[in-house]
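Working notes, beginning with the structure itself.
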Amino acid sequence: MGWFAVAILAALLPLAAWRDAARRGYALAAVAGLLLFLSLREVPLLVPGPRWLGEHWNWSGSLLAVAGVLLLAATLVRHGLRWSDFGLTLAQRSGSSGPAVLVTLAALLLNLLLMAGSSFRLPAVPAETWLFQTSMPGLVEEIVFRGVLLALADRALAARWPCWNLAGAPIGPGGLWVTLLFVALHDPSVHTLTGVLPAALLYLWLRARTGSLVAPILAHNAWNLSVYFAHA
């Protein structure tokens, strides 16, 4: 069901933008970025023998996938887009840092309290898992989803549907497409709706509120770590 939903969402974007050449180009670039991410992260898993890096997590696949998407972004930058359009900037929108920190801390605390009440406990968590969760998910998935794909999806759907202002964060239909895509790529379950969807909405709000990927990356990794802390 997850991969079927991903295929439908990937096809909907170019269909929605097909009548306008410029928007169609952005839509096709977004689909290309998605395919790059999904295919490149699997490459190391196809190579026989021990993993290139690490034992429990696909470090090399994650790095290869984000490198491919960044190469696509670099190509688009040469044709008129800016790195800041993808959120790849340290600059934060004026007045956004305080609300971003407060919302993130409140969301993390609520999520931690909800999960801590569960009877589920993880076995001993290896050090590699703590290191991976501290760095890679936020870095890779935010660059890909709330970074490159969001910028392209917003442009593909521009001027067709309205943009909503949610507590100072301008969120358009491209954000909805990216969020549904992100959720669909996770295993379909109750946990996906209760854990992944709220987190994805938080990351999207942070990206739109601050104009940068810094806050989403930090919040993403902190969210993942909170899951392990609560269940350890």
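Along the sequence shown, residues carry numbers from 1.
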What about Trp3 and Leu180, same hydrophobic cluster or not, with Ile/Leu/Val/Met/Phe/Trp/Tyr joined at side-chain heavy-atom distances under 4.5 Å?
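Yes: a chain of side-chain contacts under 4.5 Å links Trp3 to Leu180.
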Are Leu109 and Tyr203 connected, step by step, through hydrophobic side chains (Ile, Leu, Val, Met, Phe, Trp, Tyr) whose heavy atoms are closer than 4.5 Å?
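Different hydrophobic clusters.
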Parallel under 30°, tilted from 30 to 60°, perpendicular over 60°: which one fits the rings of His220 and Phe182?
perpendicular
Residue of the set Val69, Leu149, Ile143 for which side-chain contact (heavy atoms from CB on, under 4.5 Å) holds with Phe37:
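Running side-chain contact (heavy atoms from CB on, under 4.5 Å) over Val69, Leu149, Ile143 with Phe37 returns exactly one hit, Val69.
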Got more than 12 heavy atoms from elsewhere within 6.0 Å of CG, Leu90?
no
Ignoring hydrogens and geometry, is there a side-chain-to-backbone donor-acceptor pair from Arg23 to Ala153 under 3.5 Å?
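Here the side-chain-to-backbone pair does not exist.
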Measure from the side-chain N and O atoms of Asn58 to the backbone N and O of Arg41, and report whether any donor-acceptor pair falls under 3.5 Å.
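Checked: pair present.
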How about Leu81 and Tyr26: do any of their side-chain heavy atoms sit closer than 4.5 Å?
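A side-chain contact under 4.5 Å exists here.
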Would you say Trp59 and Glu128 make side-chain contact, with heavy atoms under 4.5 Å?
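Sidechains of Glu128 and Trp59: in contact.
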Under 3.5 Å, is there a donor on one side chain and an acceptor on the other for Ser212 and Gln92?
yes
Using only heavy-atom distances, determine whether the side chains of Gln133 and Trp57 contain a donor-acceptor pair under 3.5 Å.
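Short answer, no.
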Phe229 vs Trp130, ring pair (Phe, Tyr, Trp, His ring centres under 6.0 Å): CA-CA, chis, key distance, verdict:
CA-CA 10 Å; Phe229 276 118; Trp130 292 112; 5.0 Å; yes
